[in-house]
S.K.: 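Questions regarding the structure given below will be posed in turn.
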There are 2 protein chains.
Amino acid sequence: MSKKATRDEIIAAADDLFYRQGFEKTSFADIAGVVNISRGNFYHHFKTKDEILDAVIEKRLADRQAMMEKWEIEGETPEDRIRSFIDILIVNGEKIKRYGCPIGTLTSELAKLNHAAQGEANKLFTVFRTWLKRQFEMLGREDDADELAMHLLARSQGAATLANAYQDDAFIARELESMYAWLSGCAAGANKRERAEM
Amino acid sequence: MSKKATRDEIIAAADDLFYRQGFEKTSFADIAGVVNISRGNFYHHFKTKDEILDAVIEKRLADRQAMMEKWEIEGETPEDRIRSFIDILIVNGEKIKRYGCPIGTLTSELAKLNHAAQGEANKLFTVFRTWLKRQFEMLGREDDADELAMHLLARSQGAATLANAYQDDAFIARELESMYAWLSGCAAGANKRERAEM
DNA sequence: TTATTTCTAGGACAAGCGTCCCAATTCGTC
DNA sequence: GACGAATTGGGACGCTTGTCCTAGAAATAA
């Protein structure tokens with residue numbers, strides 16, 4: 001098998017395992033077991049566990065970027081596109097109920113480990129933040145686009161955390177409705193709404 | 001030293017380390033190092049790591065219960081008391097920025113480890129949920145008290161997660177303001193407000 | 001075909017882990 | 001003061017971890 005193919009397999013397996021078990025808990029042996037290669041071969045592709053983490057974060061960044069580009073094409077209005085972001089909670093609902101948000105749980109774990117890759121992992125939040133900010137600007141909220149983006153990020157993070165704890169579909173549905181309504185309010189009151197009404 | 005005193009020291013040290021480093025990352029040696037006892041002595045108090053975790057969760061439950069009882073005495077109105085909950089983000093702000101929410105990060109970690117104590121850890125959320133529900137009922141929101149409680153839990157979880165990632169005081173301040181405003185709205189429109197306006 | 005690089009397998013390594021045992025010390029009670 | 005119980009210290013265990021080495025197989029180039 002070509003080097004890149006094996007490498008990509010390793011990254012994909014690590015991505016999945018880091019999500020489901022966490023970074024710390026996942027061992028070289030776990031990943032090698034999934035990919036079905038020896039540890040020696042493994043070492044040829046990644047010298048340290050941190051190198052795999054970097055590659056996984058890079059992959060996640062690319063995946064999210066691609067996702068947002070798709071939303072950009074498919075969504076007719078900025079509101080549609082932001083709704084696509086909110087809908088992650090539906091699309092990935094089952095996984096989120098089981099393992100939480102892939103971004104939030106990773107950044108939390110790395111913060112506790114005081115890991116060097118914290119900054120890189122935070123970029124995962126930032127790509128969404130930047131993209132959402134742009135959408136809110138297009139919605140006519142140039143003045144507080146970044147604030148709105150952060151607020152929405154926080155809302156979906158909170159929903160994901162509690163979805164993970166309680167696996168309560170009714171709760172998730174209510175949070176979704178609440179975010180949709182909030183978004184409509186954002187669109188309606190472009191640059192006139194008071195921040196306190198967020 | 002009496003057995004209980006040493007035991008309590010161990011639990012306190014474990015509580016702190018589990019919060020700052022995570023459960024998985026924290027070893028027997030770490031805890032023993034902080035308490036300054038030998039591993040052999042350690043074993044006399046706790047036979048397994050899971051036993052320590054159970055004790056830590058128990059302690060956290062008791063601590064939170066005590067905190068809420070204090071709020072119950074100090075807060076004159078239900079709104080005041082709920083505000084005390086929101087204010088955790090201020091009171092424990094520095095720690096949250098560094099290590100995240102002690103409850104949210106623990107439940108997330110245990111979910112990934114698929115740990116037997118998941119249910120116990122979730123009780124930490126539930127004590128707040130139950131207490132908040134009661135406050136919302138006293139606020140006159142008998143019909144949707146639990147929904148409001150869950151919503152507020154999610155909001156503060158989300159704020160904590162992003163506070164941890166970005167350490168952005170302005171963001172935290174905005175989220176606090178937003179939650180205060182939402183709470184005022186809850187109080188004003190007792191049992192008349194539409195859920196979509198949450 | 002030969003020569004050279006790339007890839008793979010399997011094992012060795014030192015360190016750290018949770019767990020466990022046992023001998024020594026301290027404590028409480030008669 | 002003496003005795004049994006509770007507490008403590010230190011070390012041993014088997015296992016897993018991340019890391020690293022080396023020898024051979026496969027692929028590529030000449």
Side-chain angles (χ1 to χ4, degrees), chain A residues 1-58 106 109-110 112-118 120-121, chain B residues 1-58 106 109-110 112-118 120-121:
Chain A
M1 199 183 312
S2 80
K3 174 159 185 174
K4 188 168 183 316
T6 306
R7 200 187 135 90
D8 287 350
E9 265 196 80
I10 293 173
I11 296 173
D15 186 11
D16 185 50
L17 287 169
F18 287 175
Y19 179 35
R20 279 166 34 213
Q21 314 186 356
F23 170 70
E24 180 97 13
K25 173 94 182 301
T26 302
S27 68
F28 272 57
D30 288 338
I31 305 170
V34 170
V35 184
N36 232 10
I37 59 173
S38 66
R39 275 162 304 149
N41 188 4
F42 205 117
Y43 186 70
H44 182 254
H45 293 279
F46 295 97
K47 299 236 172 303
T48 66
K49 204 182 171 186
D50 291 353
E51 270 185 36
I52 309 176
L53 178 59
D54 287 340
V56 165
I57 293 174
E58 207 177 312
L106 180 66
E109 185 180 357
L110 296 185
K112 287 214 197 280
L113 299 178
N114 211 355
H115 195 284
Q118 269 179 85
E120 282 304 302
Chain B
M1 201 182 310
S2 79
K3 174 158 186 175
K4 187 165 184 319
T6 308
R7 198 187 138 91
D8 287 349
E9 265 197 81
I10 293 174
I11 296 173
D15 186 11
D16 184 51
L17 286 169
F18 288 175
Y19 178 36
R20 280 166 33 212
Q21 315 186 355
F23 170 70
E24 180 98 18
K25 174 98 182 299
T26 302
S27 68
F28 272 55
D30 288 338
I31 304 170
V34 170
V35 185
N36 233 9
I37 59 172
S38 65
R39 277 160 303 147
N41 188 5
F42 205 118
Y43 185 71
H44 181 255
H45 293 278
F46 295 97
K47 299 235 171 306
T48 67
K49 203 180 172 187
D50 290 352
E51 269 186 36
I52 309 175
L53 177 59
D54 287 339
V56 166
I57 293 173
E58 206 176 312
L106 179 66
E109 184 180 358
L110 296 185
K112 288 215 196 279
L113 298 178
N114 211 354
H115 195 283
Q118 270 179 83
E120 282 305 303

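In this text, all values refer to a predicted model and were calculated from it rather than measured experimentally.
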S.K.: Which heavy atom of L106(B) sits nearest a heavy atom of I57(B), and at what distance?
M.R.: CD2-CG1, 4.1 Å

S.K.: Among residues at least two apart in sequence or on other chains, which ones pass side-chain contact (heavy atoms from CB on, under 4.5 Å) with N114(A)?
M.R.: Q118(A)

S.K.: If you compare every side-chain N and O of S27(A) against the phosphate oxygens of dT16(D) (OP1, OP2), does one of them come in below 4.0 Å?
M.R.: no

S.K.: Can you tell me if E58(A) has over 12 outside heavy atoms packed within less than 6.0 Å of its CD?
M.R.: no

S.K.: I31(B) has an atom CD1; how far is it from atom P of dG16(C), in whole Å?
M.R.: 17 Å

S.K.: Whole-Å distance between dT7(D) P and D8(B) CG?
M.R.: 13 Å

S.K.: Figure out the CZ/P separation between F46(A) and dT19(D), and round it to whole Å.
M.R.: 13 Å

S.K.: What's the NZ-P distance between K47(A) and dC7(C), to the nearest Å?
M.R.: 11 Å

S.K.: To the nearest Å, give me how far apart CD1 (I52(A)) and P (dT17(D)) are.
M.R.: 13 Å

S.K.: What heavy-atom pair brings E109(B) and E24(B) nearest, and what distance separates the two atoms?
M.R.: OE2-N, 2.8 Å

S.K.: Using a 4.0 Å cut-off on heavy atoms, which residues in residues 33-43 of chain B reach DNA chain C? List them by number, or say none.
M.R.: G40(B), Y43(B)

S.K.: Ignoring backbone atoms, establish whether H45(B) has a side-chain N or O less than 4.0 Å from OP1 or OP2 of dA6(D).
M.R.: no

S.K.: Could you list all N or O pairs between the protein and nucleotides 3-5 of chain C that sit under 3.5 Å apart?
M.R.:
none

S.K.: Nearest to the A29(A) side chain among dC17(C), dT17(D), dC7(C), which nucleotide is it?
M.R.: dT17(D)

S.K.: According to a strict under-4.0 Å criterion, is T6(A) in side-chain N/O contact with OP1 or OP2 of dC7(C)?
M.R.: no

S.K.: Rounded to the nearest Å, what distance is computed from the CD1 atom of residue I10(B) to the C1' atom of nucleotide dG18(C)?
M.R.: 15 Å

S.K.: Rounded to the nearest Å, what distance is computed from the NE2 atom of residue H44(A) to the C1' atom of nucleotide dT8(C)?
M.R.: 9 Å

S.K.: Do you know which two heavy atoms are closest between L53(B) and L110(B), and how far apart they sit?
M.R.: CD2-CD2, 3.9 Å

S.K.: Using whole Å, report how far CD of E24(B) lies from P of dT17(D).
M.R.: 10 Å

S.K.: Which atom names give the shortest non-hydrogen contact between T26(A) and L17(A), and what distance separates them?
M.R.: OG1-O, 3.3 Å

S.K.: Would you verify whether the NZ or CZ of K25(A) falls within 45 degrees of the ring axis of F23(A) while also being under 6.0 Å from that six-membered ring's centre?
M.R.: no

S.K.: Does any part of the side chain of F46(A), heavy atoms only, come nearer than 4.5 Å to the side chain of I11(A), both counted from C-beta?
M.R.: yes

S.K.: On a heavy-atom basis, which atom in K112(A) and which in G22(B) lie closest, and how many Å separate them?
M.R.: CD-N, 3.5 Å

